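These notes are about the structure you will find just below.
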Amino acid sequence: QVQLVESGGGSVQAGGSLRLSCTSSGLIFKNHGMGWFRQAPGKERQFVAGINWSAYATYYVDSVKGRFTISRDNAKNTVWLQLNSLKPEDTAVYYCGAARGTYYYTDPTDYDYWGQGTQVTVSS
């Protein structure tokens with residue numbers, strides 16, 4: 001059974017930082033690109049960042065470029081998302097997903113497995 005478990009969310013003030021973790025089990029982790037998405041109340045799930053299987057390639061949505069960093073360690077079956085300079089508009093539930101293949105995708109329908117989500121709340 002495949003499981004993705006996120007952690008690291010919380011409540012911070014604007015300008016603060018958080019580090020989200022996503023650890024997988026039951027999955028050949030190195031065979032999958034990984035993505036982080038977020039979903040605010042009443043909105044669709046939005047791509048935030050993606051990383052290919054080897055960590056050679058990464059991609060970010062424009063609104064987080066220069067503030068967020070995605071990374072992974074295949075030996076630990078873990079992907080991280082470092083969130084710096086947080087803004088109130090970053091408030092959402094953040095989900096990690098395992099992509100259908102070794103690359104990342106911006107469309108959530110290209111992901112086979114999801115974690116349960118972790119809440120990030122940024123106050124002004």
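Since the structure is predicted, the reported quantities are computational estimates derived from the model, not experimental observations.
Expressed to the nearest 0.5 Å, how far CD1 of I28 lies from CG of N74 amounts to 12.0 Å. Remark: S63 OG to E89 CD distance equals 8.5 Å, nearest 0.5 Å. The CG atom of L86 lies 5.0 Å from the CZ atom of F68; values are rounded to the nearest 0.5 Å.
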Report task. Begin from the C-alpha positions of V79 and W36 and carry the test side chain to side chain contact (heavy atoms under 4.5 Å, CB included) through to its verdict. Result -> CA-CA 9 Å; V79 60; W36 283 96; 3.8 Å; yes
Report task. Evaluate side chain to side chain contact (heavy atoms under 4.5 Å, CB included) for L83 paired with Y94, printing each intermediate quantity in order. Result -> CA-CA 11 Å; L83 290 66; Y94 283 70; 4.2 Å; yes
Report task. Under the side-chain hydrogen bond (donor to acceptor under 3.5 Å, both in side chains) rule, what do N77 and S24 come out as? Steps first, then yes or no, please. Result -> CA-CA 6 Å; N77 294 336; S24 72; 4.6 Å; no
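The shortest non-hydrogen separation linking A14 to P88 is CB-CD, 4.2 Å. Of all the heavy atoms in M34 and C22, the pair that sits closest is CE-SG, 4.4 Å. Nearest heavy-atom pair across G97 and W114 is CA-CE3, 3.8 Å. For the pair Y104 and G50, the tightest heavy-atom approach, listed with the atom from each and the gap, is CD2-C, 3.6 Å. The two residues N84 and Q82 make their nearest non-hydrogen contact at OD1-NE2, 2.9 Å. Across G9 and V120, no two heavy atoms sit closer than the pair CA-CG2, 4.3 Å.
T23 has its side chain out of reach of L4: every pair of non-hydrogen atoms, C-beta onward, lies at least 4.5 Å apart. For the pair Y60/V48, no side-chain contact is recorded, criterion being any heavy-atom separation below 4.5 Å from C-beta on.
Atom NZ of K65 has more than 12 neighbouring heavy atoms from other residues, nucleotides or ligands inside a 6.0 Å radius. More than 12 heavy-atom neighbours from other residues, nucleotides or ligands sit within 6.0 angstrom of CH2 on W80.
The closest donor-acceptor contact from the side chain of R38 to the backbone of Q46 lies at 3.5 Å or more, if one exists at all. Remark: side-chain polar atoms of Y95 are not paired, donor with acceptor, to backbone N or O of Q39 under 3.5 angstrom. Side-chain atoms of Q13 do not come within 3.5 Å of backbone N or O of S124 as any donor-acceptor pair. Looking only at distances, a side-chain donor or acceptor of T78 sits under 3.5 Å from a matching main-chain atom of K76. In this structure, the side chain of R100 does not engage the main chain of H32 through any donor-acceptor pair within 3.5 Å. The main-chain N or O of G117 is found under 3.5 Å from a side-chain atom of E6 such that the two form a donor-acceptor pair. Judged purely by atom type and a 3.5 angstrom limit, R72 uses its side chain to pair as donor or acceptor with the backbone of F29.
Under the 4.0 Å criterion applied to side-chain N and carboxylate O atoms, D90 and K87 are not assigned as salt-bridge partners.
In the model, T91 has no side-chain atom that pairs as donor or acceptor with a side-chain atom of T121 under 3.5 Å.
Ring-centre distance between F47 and Y105: not below the 6.0 Å cut-off.
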